[in-house]
Structure formats: structure tokens, C-alpha cells
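The structure appears below as C-alpha cells.
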Amino acid sequence: MKQKIKNLILLAVRSAHQKGDLPSDDIVETEVDEPKAEAHGDFSTNIAMVMASVQKMPPRKIAEVITRHIEDPEGILEKSEIAGPGFINFFLKPAVWHPVLREIHEADTRYGATDIGKGQKFQVEFVSSNPTGPLHVGHGRGAAVGDAVANILSFCGYDVQKEYYINDSGRQIHTLGQSVFLRYQEMLGQKVKFPDECYQGDYIRDLAAEIKSQKGDALLGQPEEEALMICARFAAEKILDGIRDDLKLFGVEFDCWFSEQSLYDSGRVDQILDIFRNQGIIYEKDGALWFKTSDFGDEKDRVVVKNNGETTYFASDIAYHQDKYDRGFERVVDVWGADHHGYIPRMKAAVEASGHRRDQFDVILVQLVNLLRAGEPVAMSTRAGKFETLKDVINEVGRDAARFIFLTRHYESALDFDLEVAKQKSNDNPVYYVQYVHARISSIVRKGNEQGTCEVSWDDKAVARLIEPEEIDLIKTLARYPDVLAGSAKSMEPHRVTYYLMDLASAFHAYYNKHRVLTDDPQLRCGRLNLVLAVQKVIRNGLTLLGVSAPDTM
RNA sequence: GCGCCUGUAGCUCAGUUGGAUAGAGCAACGGACUUCUAAUCCGUAGGCCGCAGGUUCGAAUCCUGCCAGGCGUACCA
């Protein structure tokens with residue numbers, strides 16, 4: 001629709017120029033917007049203002065010339081008028097909107113899908129929590145955002161893969177093994193000192209108990225380092241299983257689980273370090289190896305191999321990202337917690353140093369989640385072992401509410417997640433507001449079927465009966481959906497879909513309260529059923545992208 | 001100190017990438033259920049868009065400088 005208006009304008013400008021009414025036919029970047037105020041019509045353009053300097057004419061004068069030359073072969077315009085400093089506002093005939101319903105009817109679950117991605121290979125990596133403890137709410141937000149972004153991109157024509165990176169190597173895993181082994185020794189009656197840097201949570205004791213029941217006291221007879229590694233591997237695997245289960249419970253599935261250790265096993269880490277060394281962007285200082293990230297915009301150089309010979313996580317991250325591009329991804333998106341933002345410049349540096357453009361690498365920085373219970377903060381710290389796990393949260397408030405709430409805010413702003421509010425089935429908690437639309441429409445259809453009056457097949461004449469302002473308003477909202485998705489995909493901001501759904505829900509509830517769908521007039525009833533079914537499809541479609549269910553009853 | 005994020009109605013937040021009179025929800029107040037689910041709707045009230053400059057036809061949005069809060073600034077992960 002917007003495109004049609006655009007064409008009308010372009011043609012008008014051209015014809016005005018040909019007839020000598022406009023000195024230039026330079027089409028500057030024209031914009032056609034949907035104004036927020038109804039009084040400003042269905043669409044409006046600022047072209048006259050933008051052209052003012054080129055045409056050397058006052059904006060209102062240009063607007064007047066353009067409107068005079070507008071032809072409307074299809075007869076879609078009710079009227080157009082000039083307003084304010086030089087806007088041209090277009091008012092469409094209500095009937096122009098009806099075909100949108102047909103489009104939805106035909107596209108069904110694919111309505112809103114576009115090909116703006118043109119099959120570009122994208123990878124979205126998210127959660128990637130270390131297997132040293134269970135997922136907490138913060139990870140939940142990352143999971144909800146990453147999953148929704150990937151879904152939306154994919155729906156808009158990008159070729160998207162979802163990946164989880166497993167930090168199954170290095171210091172943290174060692175510490176995990178140590179923590180478990182100490183608890184194990186403790187259980188077998190040994191006196192141990194449990195250091196602060198070890199993981200304090202109860203789950204460490206559970207893991208130790210499991211090892212004890214499987215192996216008895218066998219580990220005590222082994223060299224400490226060996227016993228410790230056995231504990232580490234066992235624990236990491238168990239915890240990772242738990243993470244997988246939690247994510248499944250949360251409705252998040254990954255296409256690929258990528259192991260950090262595999263990068264060492266295959267020699268990728270050494271390989272990329274060699275390459276960088278040959279390029280002269282790695283040097284030795286104080287017994288350590290440094291990568292000259294400062295050559296690529298970082299504020300200082302970074303260590304890749306410590307003076308004790310251990311590689312840093314940064315080293316394997318370089319190899320990991322190199323590997324992503326080798327796998328053919330044209331763009332790589334990492335979803336990180338905001339506390340990692342200092343890591344971005346060095347990662348960008350690594351991407352650039354290995355021969356890729358900076359803009360092929362994006363980081364979505366998800367701000368922190370403050371978990372509250374009735375306004376009171378709930379303490380969270382993996383180390384201290386005091387935290388509310390994601391699983392607990394899902395069990396308490398439900399998956400749908402949790403996912404929706406995580407997506408009701410721009411990811412760049414911190415989120416207060418109040419467990420009591422999330423449980424409320426009120427308008428404080430908009431997930432139900434949106435789901436209720438779906439349930440209500442299902443209910444209408446059920447009722448219609450009971451009465452045997454539910455004629456839901458497509459019928460142009462019936463749809464043409466939809467002339468109430470609330471009906472046109474609803475259809476206009478439905479028509480916006482593809483644009484919303486495209487904008488959400490381009491900006492990688494899933495919350496736009498969330499807000500759109502709340503808008504659509506609001507338009508529907510208003511309509512529902514004012515007009516009856518199952519009327520005695522069969523044709524009107526059919527038209528209205530077609531309308532609400534279209535609404536239901538879009539609601540379901542949007543909720544699905546967000547990972548939220550669309551219930552038939554509530 | 002430096003860097004990133006945030007600052008919009010009493011509270012929680014949107015604001016279509018620079019558009020017209022800045023919008024929702026909650027809380028407050030007043031209304032609507034013998035009719036398809038009241039987890040809903042309708043109405044009233046509520047604003048130096050942190051502050052001060054700048055850019056232009058036009059700024060909550062872009063630039064500069066301040067102020068406040070959060071986070072980061074390791075041979076930690």
C-alpha cells in the first residue's frame with residue numbers, strides 16, 4: 001500500500017516536471033509515513049519539504065503542484081490534502097484495505113514473511129553459559145532475545161543458524177572439578193578447606209554425591225589432578241545436560257552446540273596464533289604472547305598466551321570466530337550480557353585481523369535483569385550459590401509469561417523482573433492480554449460451530465461489508481505487520497514485535513467490545529469471521545516468533 | 001580518569017531511525033457484563049522528553065559540554 005502511494009507521488013512529480021510546473025524532477029529520498037494522528041490521514045509524505053531547496057520553491061507551493069498532478073487510476077484515494085509546513089496527507093477509501101485480509105487468508109502462517117534477508121547466511125550465538133552452574137534469569141533473557149532475533153531474521157528471509165558455544169576447557173572447568181572433588185572428599189569424612197573461588201552452590205554437593213554413589217571412594221586413591229579432572233568432566237556434562245533440559249523447558253532449541261575444547265583438539269587455536277604471528281600482529285612481552293588489537297581500534301593490546309603457557313579465553317574466541325566465517329556465515333551475531341561489553345573492541349579486532357569486515361560481526365548486549373519478588377530484590381550470584389535458577393522461574397511464572405516479559409523491553413535497558421507481577425493474570429502482565437485475543441477468537445469460532453452458522457470460507461462480498469471504523473482500524477493494523485517484522489529484523493530488536501502484538505490486541509479488544517461477530521446477518525457474520533480469523537493468524541504468527549504459545553482457551 | 005548503556009507522566013516503559021498537538025500499561029477517579037470468555041472495554045486526569053548550548057524548514061531522536069544511575073576498565077571468565 002505504501003509502495004502504491006510512493007508510485008503515485010513519483011508519477012506526479014515527473015508529470016509536473018514535464019509540464020514545466022517543477023524546475024527539477026530530482027527525486028530526493030522520499031519518505032512515506034503512517035502518521036500517528038488520524039487527522040493526518042493514512043499516509044503522509046514530507047517530499048515537498050525535502051525538495052524545497054532543490055526546487056527553490058516554498059514547500060507548500062511544491063506540495064500544491066504535486067497534488068494537482070496526482071492521478072489515481074485505481075481510485076484508491078478518498079482525498080489528499082496539504083497540511084502544516086508542507087506535508088501531503090493521503091486519505092484512502094476504506095475498501096482499499098479489504099484485500100489485506102485476502103492476503104492474510106492466502107499466506108496464512110507465512111503472512112508477514114519477506115525476503116529482505118535474501119538468503120544471507122547468519123549465525124546467532126546466544127546463552128553460551130559456562131557449564132559450571134545452572135542457568136539463571138539473566139541467561140533466560142539472553143535466551144529469549146537470541147531465540148526471537150533468530151526466529152524473526154529467519155522469517156524475513158535470512159538463512160539463520162542458532163548456536164551455543166560450550167566453554168568446556170580452561171580454568172573454570174578446572175575450578176569446577178576442584179569444587180566437586182572437595183565436596184566429594186568432605187562427604188567421605190575428610191577435613192577440607194573450601195576456597196572462596198570455588199563454586200559454593202548446593203548443586204556442587206549433589207554432583208559430588210552422585211560421583212560417590214557411582215564410584216564409592218575410588219577417587220581418593222588416584223592422583224589428585226586425575227581425580228579432579230574426572231570430577232570436572234562428570235560435572236560439566238551433568239550440568240550441560242541440565243542446561244539443555246532447562247532450555248528445552250523454555251522452548252529454545254539450538255542447531256549446533258559447539259565445543260571450545262574441539263578448537264584445541266583440532267589445532268585451530270595454534271593455527272590462528274601462528275598465522276597472526278606470521279603477520280606480525282602477535283609479539284612476546286614479559287614472557288607472554290600479545291595480540292596487537294590496538295592496531296585494530298582496541299585501546300590496548302591483549303594477552304593470548306599467559307607467561308605460564310596457558311592460553312586465554314580470548315585466544316580460543318579468536319579461533320572460534322574464525323571458524324564461524326570458515327563455515328560460511330556472512331554475518332555473525334553474538335548475544336552477550338552487558339557486563340562483557342569491554343570485550344567487544346578486541347573481538348572486533350580479531351574479526352578484522354582475520355580478514356573480515358567489522359560489520360560482519362554484531363554483538364547484542366543484553367542488559368542485566370534485576371530479579372524481584374513483590375518489589376524486593378532477590379539475591380543472585382553463581383559463586384555464592386544464592387540464585388533463582390531459570391528453571392525455578394519458569395516453574396513459578398510459566399514459560400510464556402517469562403519469555404514475553406523478557407521481550408517487553410529494548411534489550412539495551414535493564415529489566416526488573418518481578419516474580420509476583422509475572423504471575424498476575426492482569427493487565428500488569430501483557431502476555432495474557434495478547435493471548436486472550438487468540439482464546440477469544442477460538443471461542444467465537446467454537447460458538448459459531450455449535451450454532452452451525454460458522455461460515456468461514458473466503459468471500460469477497462462478505463468482506464466488503466466491513467466498513468465500521470473499528471474494522472478498518474483493525475485491518476490497517478494487520479497491514480502494518482510485514483513492515484514491523486522487517487524493521488524488527490533489520491534492527492535485530494524483537495521487542496518491536498511484542499509491542500505490535502499489544503497494539504493489535506488492543507485494537508481487537510476494542511472491536512470485540514463494540515461489535516458482535518456472530519450476528520444474525522449471514523453475510524456480515526461471514527465477513528467478520530474472516531476478519532477475526534485474520535487477526536488470530538497474525539497473533540499466533542507473532543507469538544510463535546517470540547516463542548510464546550497461542551492458547552485456544554484460557 | 002577512560003569506555004559502554006540508561007535518563008520520557010507518580011511507577012514500569014514505547015516512540016516507525018529527523019516530522020505535525022510526545023504515546024501505552026499500572027496506580028487515581030468515573031462509567032460498561034440477561035448478548036461471541038470482564039484475563040475485556042469506554043471516559044477523566046496526569047509532561048521544562050535529566051540540564052545547557054548547537055545543527056535546520058522541523059530535534060525526545062543528530063553533534064558538543066555538563067549532571068545522575070548502572071556496568072566495565074586483569075597475564076579473570
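Letters A, B, ... are given to chains in the order of the sequence lines, protein chains preceding strands, and every chain is numbered from 1. Here the structure is a predicted model, which means the values were calculated and not measured.
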Do any side-chain nitrogens or oxygens of [X] fall under 4.0 Å of OP1 or OP2 in [N]?
{"X": "A/Arg440", "N": "B/A38", "result": "yes"}
{"X": "A/Arg516", "N": "B/C36", "result": "no"}
{"X": "A/Tyr411", "N": "B/U6", "result": "no"}

message: Among residues at least two apart in sequence or on other chains, which ones pass side chain to side chain contact (heavy atoms under 4.5 Å, CB included) with A/Ser128?
response: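 For A/Ser128 the side chain to side chain contact (heavy atoms under 4.5 Å, CB included) partners, ignoring immediate neighbours, are A/Glu125, A/Tyr165.
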query: Do the charged groups of A/Glu38 and A/Lys476 touch, with an N to O distance under 4.0 Å?
result: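 Salt bridge flag = no for A/Lys476 with A/Glu38.
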Distance between [atom1] atoms of [N] and [M] (Å, rounded):
{"N": "B/U12", "M": "B/G50", "atom1": "P", "result": "14 Å"}
{"N": "B/U8", "M": "B/G54", "atom1": "P", "result": "24 Å"}
{"N": "B/A59", "M": "B/C51", "atom1": "C1'", "result": "16 Å"}
{"N": "B/G30", "M": "B/G46", "atom1": "C1'", "result": "16 Å"}
{"N": "B/A22", "M": "B/C48", "atom1": "C1'", "result": "14 Å"}
{"N": "B/A9", "M": "B/G23", "atom1": "P", "result": "14 Å"}
{"N": "B/C66", "M": "B/A20", "atom1": "P", "result": "31 Å"}
{"N": "B/G25", "M": "B/G19", "atom1": "C1'", "result": "26 Å"}

Gap between atoms [atom1] and [atom2], on [X] and [N] respectively (whole Å):
{"X": "A/Met554", "N": "B/A38", "atom1": "CE", "atom2": "C1'", "value": "13 Å"}
{"X": "A/Trp336", "N": "B/C5", "atom1": "CH2", "atom2": "P", "value": "15 Å"}
{"X": "A/Phe404", "N": "B/U12", "atom1": "CZ", "atom2": "C1'", "value": "15 Å"}
{"X": "A/Ile364", "N": "B/C4", "atom1": "CD1", "atom2": "C1'", "value": "16 Å"}
{"X": "A/Tyr436", "N": "B/C36", "atom1": "OH", "atom2": "C1'", "value": "11 Å"}
{"X": "A/Arg409", "N": "B/U8", "atom1": "CZ", "atom2": "C1'", "value": "14 Å"}
{"X": "A/Tyr433", "N": "B/A39", "atom1": "OH", "atom2": "C1'", "value": "11 Å"}
{"X": "A/Glu412", "N": "B/U17", "atom1": "CD", "atom2": "C1'", "value": "13 Å"}

message: Quick one, A/Phe404 and A/Thr498 - any side-chain contact, counting heavy atoms below 4.5 Å?
response: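 The answer is yes; the side chains approach within 4.5 Å.
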message: Are the side chains of A/Val497 and A/Leu485 in contact, using a 4.5 Å heavy-atom criterion?
response: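 In contact.
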field: Secondary-structure stems, RNA chain B, at least 3 Watson-Crick or G-U base pairs under 3.5 Å
entry: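 The stems that RNA chain B takes part in, listed by first number, are B:1-7 with B:67-73, B:10-13 with B:23-26, B:28-32 with B:40-44, B:50-54 with B:62-66.
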Euclidean distance, A/Ser179 OG relative to A/His174 NE2, rounded to 0.5 Å: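 The NE2 atom of A/His174 sits 10.5 Å away from the OG atom of A/Ser179.
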- prompt: Considering only heavy atoms, which members of residues 468-484 of chain A lie under 4.0 Å from some atom of RNA chain B?
  reply: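 None, since no heavy atom is under 4.0 Å.
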query: Which of residues 492-514 of chain A sit near RNA chain B, with a heavy atom under 4.0 Å from it?
result: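 Close to the strand are A/His495, A/Arg496, A/Tyr499, A/His509, A/Ala510, A/Tyr512, A/Asn513.
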Side chains of [X] and [Y] only: does a donor on one sit below 3.5 Å from an acceptor on the other?
{"X": "A/Glu471", "Y": "A/His515", "answer": "no"}
{"X": "A/Tyr264", "Y": "A/Thr311", "answer": "yes"}
{"X": "A/Tyr320", "Y": "A/Glu260", "answer": "no"}
{"X": "A/Arg528", "Y": "A/Tyr511", "answer": "yes"}

statement: Protein-proximity profile, nucleotides 72-77 of chain B, B/S/- by nucleotide at the 4.0 Å heavy-atom cutoff, equals SSSBSB
Over all strands shown, is [X] touching base, sugar-phosphate only, or nothing at heavy-atom distances under 4.0 angstrom?
{"X": "A/Asp418", "answer": "nothing"}
{"X": "A/Thr519", "answer": "nothing"}
{"X": "A/His515", "answer": "base"}

Tell me, which pairs form a salt bridge (charged side-chain N to carboxylate O under 4.0 Å, His left out) where one or both residues lie in [range], sequence neighbours left out?
{"range": "residues 281-297 of chain A", "answer": "none"}
{"range": "residues 397-412 of chain A", "answer": "A/Asp147-A/Arg403"}
{"range": "residues 308-318 of chain A", "answer": "A/Arg171-A/Glu310, A/Lys306-A/Glu310"}

- request: Could you tell me whether B/C63 is syn or anti, where syn means a glycosidic angle within 90 degrees of zero?
  value: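 With its glycosidic angle more than 90° from zero, B/C63 counts as anti.
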query: When syn is taken as a glycosidic angle within 90 degrees of 0, is B/U8 syn or anti?
result: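 Anti.
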Please identify each residue that fulfils salt bridge (Lys or Arg N to Asp or Glu O under 4.0 Å) with [X], with sequence neighbours left out.
{"X": "A/Asp362", "result": "A/Arg331"}
{"X": "A/Asp33", "result": "none"}
{"X": "A/Arg446", "result": "none"}

- prompt: Considering heavy-atom distances to RNA chain B, does A/Lys490 or A/Val517 have its closest nucleotide positioned more toward the 5' end?
  reply: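 Its nucleotide being nearer the 5' end, the pick is A/Lys490.
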- prompt: Would A/Arg440 count as a cation-pi partner of A/Tyr512, with NZ or CZ less than 6.0 Å from the six-membered ring centre and within 45° of the ring normal?
  reply: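 Cation-pi check for A/Arg440 and A/Tyr512: passes.
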Distances under 3.5 Å only, N/O to N/O: pair up the protein atoms with those of nucleotides 18-22 of chain B.
from  : atom 1 : to      : atom 2 : distance (Å)
B/G19 : N7     : A/Asn46 : ND2    : 3.2
B/A20 : N6     : A/Ser44 : OG     : 2.9
B/A20 : N6     : A/Asn89 : OD1    : 2.7
B/A20 : N1     : A/Asn89 : OD1    : 3.1
B/A20 : N1     : A/Asn89 : ND2    : 3.0

field: Heavy-atom closest pair, residues A/Pro134 and A/Thr389
entry: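 For A/Pro134 and A/Thr389, the tightest heavy-atom pair comes out as CG-CG2, 3.9 Å.
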- request: State, to 0.1 Å, how close A/Val369 and A/Gly138 come at their nearest heavy-atom pair, and which atoms those are.
  value: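 Distance-wise, the nearest heavy atoms are CG2-CA, 4.2 Å.
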